[in-house]
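Below is one structure, written out as structure tokens; the observations come after it.
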Amino acid sequence: MAASGQTSRSTSQRRISRAPAVIQERITHSLRRRRKTPDYSAVNPFVKYVLFFSNFVFLLVGIAFAAVGIYILSGKTKSVTSFIDFIFDPACVLCLAGFIILVVAFFGCGGALRESRIFLRIYYIILSILLLLEILLVIFIFVFYFVDGAFAKIGLYPEEAFRDAVKRYRDDPDMQGFIDNIQELLSCCGASNDDNGYMDWDANPYFNCNKTANLSPEACTVPFSCCKIKAGDQINYRCGANMLSPSTTDRSGIYTQGCFKGLQEVIKSNIWIVGGTILAIFIPQAFFICLAKALRSQIEEQMSKW
């Protein structure tokens, strides 16, 4: 009995003495296994948070644009009944721009933060469509100006849209201000793509030069924004008086070229600035498309490890 007791104690002592060695061996084995297959995330935090914070800023900008546009529209009694009313109303344009920015930024911000593949896919698809439309718009503008009669052959007349806005110049203060800003910016008068654009104002019922039918005090006049005003001079709102009259021979005080020709002159004289501006718009969009695609691929790679 004594011998068996001694044997049992010696066995227990050997087990106790071996226990630390077994634990150390298991820890070493676990560390070796971890070194062979490191546990890291395939999602790059730089890509994720650059995409998130950039779109968060755009989200706030979109909300601000939409809120300002809605606030302006809520205080107006005018109803938008046509495309011309919409496109030449700054409040409507502001609402549209704000809504587009808001939707795109929402998917980008949510997709990056929540690592949602669906949101990221929607985000870069929308951005790709917008980028394609912008490229087509640039092509549209250059074809319009440098290929004679290109749009007439396919039945498109961009000048007509602006002429319709000229006819409604006095109908809406916002449209009026928008047209005045365009004419001052492009140093032009009227819509046409020629040197007699100022004659387009004869189609406006307030400026029409038929003095027997038009009793308006603005008859035979063009808006003040057609006038050549030097820096520091006071605005003379009657500077365009009688400029539509056939008896007037001196029109040196106003711009006579139409705004489509004025835009052409601006593009030609600032071709490098225009090109740089276009690239400054296109490149960030292409960059965010690549970021969204890269993040989506990283998320899929991380999910494959689960």
For the residue pair [X] and [Y], what are the closest heavy atoms and their distance?
| X | Y | result |
| --- | --- | --- |
| Ile72 | Ala91 | CG2-CB, 3.6 Å |
| Ile267 | Val274 | CA-CG2, 4.2 Å |
| Ala112 | Leu120 | N-CD2, 3.9 Å |
| Ile289 | Ser128 | CD1-OG, 3.6 Å |
| Asn204 | Arg170 | ND2-N, 4.5 Å |
| Ile126 | Phe107 | CD1-CD1, 4.3 Å |

To the nearest 0.5 Å, tell me how far [X] [atom1] sits from [Y] [atom2].
| X | Y | atom1 | atom2 | answer |
| --- | --- | --- | --- | --- |
| Leu295 | Glu115 | CG | CD | 6.5 Å |
| Tyr255 | Cys227 | OH | SG | 9.5 Å |
| Thr256 | Met199 | OG1 | CE | 11.5 Å |
| Ile70 | Phe99 | CD1 | CZ | 10.0 Å |
| Cys109 | Leu51 | SG | CG | 8.5 Å |
| Phe282 | Leu130 | CZ | CG | 11.0 Å |

Taking [Y]'s backbone N and O only, do any of them form a donor-acceptor pair with [X]'s side chain (distance below 3.5 Å, no angle check)?
| X | Y | result |
| --- | --- | --- |
| Asp202 | Cys209 | yes |
| Arg117 | Arg296 | no |
| Thr248 | Asn242 | yes |
| Gln257 | Ser187 | yes |
| Ser74 | Tyr71 | yes |
| Gln298 | Asn44 | yes |

Contact check, side chains of [X] and [Y], non-hydrogen atoms, under 4.5 Å:
| X | Y | answer |
| --- | --- | --- |
| Ser192 | Arg163 | yes |
| Tyr169 | Asp180 | yes |
| Val93 | Phe178 | no |
| Phe207 | Val222 | no |
| Phe224 | Asn236 | no |
| Ser225 | Ile179 | no |
| Phe162 | Ile182 | yes |
| Ile254 | Cys239 | no |

Original post:
Under 30°, 30 to 60°, or over 60°: which ring-plane class applies to Phe52 and Tyr49, parallel, tilted or perpendicular?
Top reply: perpendicular

**OP:** Quick one: sort the Phe106 and Phe119 rings into parallel, tilted or perpendicular, breaks at 30° and 60°.
**Re:** tilted

Subject >> Residues Lys261 and Glu265 bridged, charged N to O under 4.0 Å >> reply: no

Original post:
Does the pair Trp201 and Val166 meet the rule for a side chain to side chain contact (heavy atoms under 4.5 Å, CB included), with working shown?
Top reply: CA-CA 7 Å; Trp201 287 101; Val166 165; 3.5 Å; yes

Is there a path from [X] to [Y] through hydrophobic residues (I, L, V, M, F, W, Y) whose side chains come within less than 4.5 Å of each other?
| X | Y | answer |
| --- | --- | --- |
| Ile125 | Ile299 | yes |
| Ile283 | Ile278 | no |
| Ile273 | Ile281 | no |
| Leu291 | Leu113 | no |
| Phe288 | Phe46 | yes |

Original post:
Are we looking at SG atoms under 2.5 Å apart for Cys226 and Cys189?
Top reply: yes

Subject >> Heavy atoms from other residues, nucleotides or ligands near CD1 of Ile118 exceed 12 (cutoff 6.0 Å) >> reply: no

Original post:
Between Gln285 and Glu134, do the side chains contain an N or O donor and an N or O acceptor separated by less than 3.5 Å?
Top reply: yes

**OP:** Please say which of Leu137, Leu133, Val138, Leu131 ends up in a side chain to side chain contact (heavy atoms under 4.5 Å, CB included) with Ile135.
**Re:** Leu131

